[in-house]
Amino acid sequence: MAVERTFVAVKPDGVERILVGEVVGRFEKRGLKIVGMKFMKVTKEMAEQHYGEHKGKPFYDGLVSYITSGPIVAMALEGKNAVALARQTIGATKPQDAAPGTIRGDLAVEIGRNIVHGSDSPENGQREIGIFFKPEELVEWSGSLNKWIWE
Ligand code: DAT
Ligand code: MG
């Protein structure tokens with residue numbers, strides 16, 4: 001399995017609901033290493049870049065206003081198969097379809113308030129990390145537990 005980076009964010013509803021620790025803890029415990037982390041407001045320009053693939057869809061305007069409505073916690077996570085593992089930990093886009101044990105399956109109700117974002121491919125992981133982080137904000141560190149997480 002390849003070591004990858006993925007972009008994960010606790011969206012404004014997750015921050016407002018005091019779920020930052022809960023959500024970040026699930027990725028840490030899963031075995032994904034934090035290499036970037038920032039508490040920030042998303043500008044309209046960043047939101048439009050990030051969600052460009054959804055432009056023109058009926059929910060697009062609501063999505064942009066939701067993600068820019070309050071602070072988020074932006075994260076760059078690294079690990080073997082990080083993109084797929086993070087998506088699995090997050091659960092299906094629609095919380096009613098998300099399995100119990102996933103973040104959305106345990107903590108969310110509606111698609112437009114689904115708490116957390118995770119990149120859908122390694123390419124989008126790199127692209128999205130580039131929207132939210134400057135290169136110097138990403139931290140290389142060895143992760144002494146890797147030998148207990150990776151065979
Ligand atoms: P995901 O966040 O699981 O990658 P996505 O990329 O398809 O899902 O969509 C991005 C976000 O847009 C999603 O988290 C919630 C919102 N969204 C997607 N489809 C929607 C819909 N049909 N109605 C309302 N919001 C939607
Ligand atoms: Mg997506």
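Counting starts at 1 for both ligands and their atoms, in listed order. Predicted, not measured: the structure shown is a model, and the values here were computed from it. Numbers for residues simply follow the sequence, beginning at 1.
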For atom 21 (C) of ligand 1, which protein heavy atom lies nearest, and how many Å away is it? Phe59 CD2, 3.4 Å
Just need the protein heavy atom nearest to atom 16 (C) of ligand 1, so name the residue and atom and give the distance. Leu63 CD1, 3.8 Å
Indicate whether any N or O donor in one side chain lies under 3.5 Å from an N or O acceptor in the other, for Arg26 and Thr89. no
Can you list the ligand 1 atoms lying under 4.0 Å from a non-hydrogen atom of Arg87? 1 (P), 3 (O), 4 (O)
Short N/O distance, under 3.5 Å, between Thr93 and ligand 1? yes
For Pro100, does its backbone N or O pair with a side-chain atom of Asp106 as donor and acceptor, under 3.5 Å? no
Quick test: of every protein heavy atom, which one is nearest to atom 5 (P) of ligand 1, and how far off is it to 0.1 Å? His54 NE2, 3.5 Å
Counting only heavy atoms closer than 4.0 Å, does ligand 1 sit against the backbone of Lys11, its side chain, both, or neither? side chain
Check whether Thr6 reaches the backbone of Leu77 with its side chain - one donor and one acceptor, N or O, closer than 3.5 Å. no
Quick one: does ligand 1 sit under 4.0 Å from the side chain of Lys57, the backbone, both or neither, non-hydrogen atoms only? neither
Backbone N or O of Trp141 within a donor-acceptor pair of the Lys33 side chain at under 3.5 Å? yes
If you draw the axis of the six-membered ring of Phe133, does the NZ or CZ of Lys38 fall within 45° of it and under 6.0 Å from the ring centre? yes
Which residue owns the protein heavy atom closest to atom 15 (C) of ligand 1, what's the atom, and how far is it? Ile111 O, 3.4 Å
Ignoring angles and geometry beyond distance, decide whether Glu53 reaches within less than 3.5 Å of ligand 1 through its nitrogen or oxygen atoms. no
Taking Arg5 for its side chain and Gln126 for its backbone only, find out whether a donor-acceptor pair lies under 3.5 Å. no
Using a strict cut-off of 4.0 Å, indicate which atoms of ligand 1 neighbour a heavy atom of Asn114. 13 (C), 14 (O), 15 (C)
Would you say that Phe27 contacts Val116 through its side chain, given a criterion of any heavy-atom pair below 4.5 Å between the two side chains? yes
Under 4.0 Å between heavy atoms, the region of Arg104 that gets near ligand 1 turns out to be side chain
Within the distance-only criterion (no hydrogens, no angle test), does the side chain of Glu4 pair as donor or acceptor with the backbone N or O of Pro122 below 3.5 angstrom? no
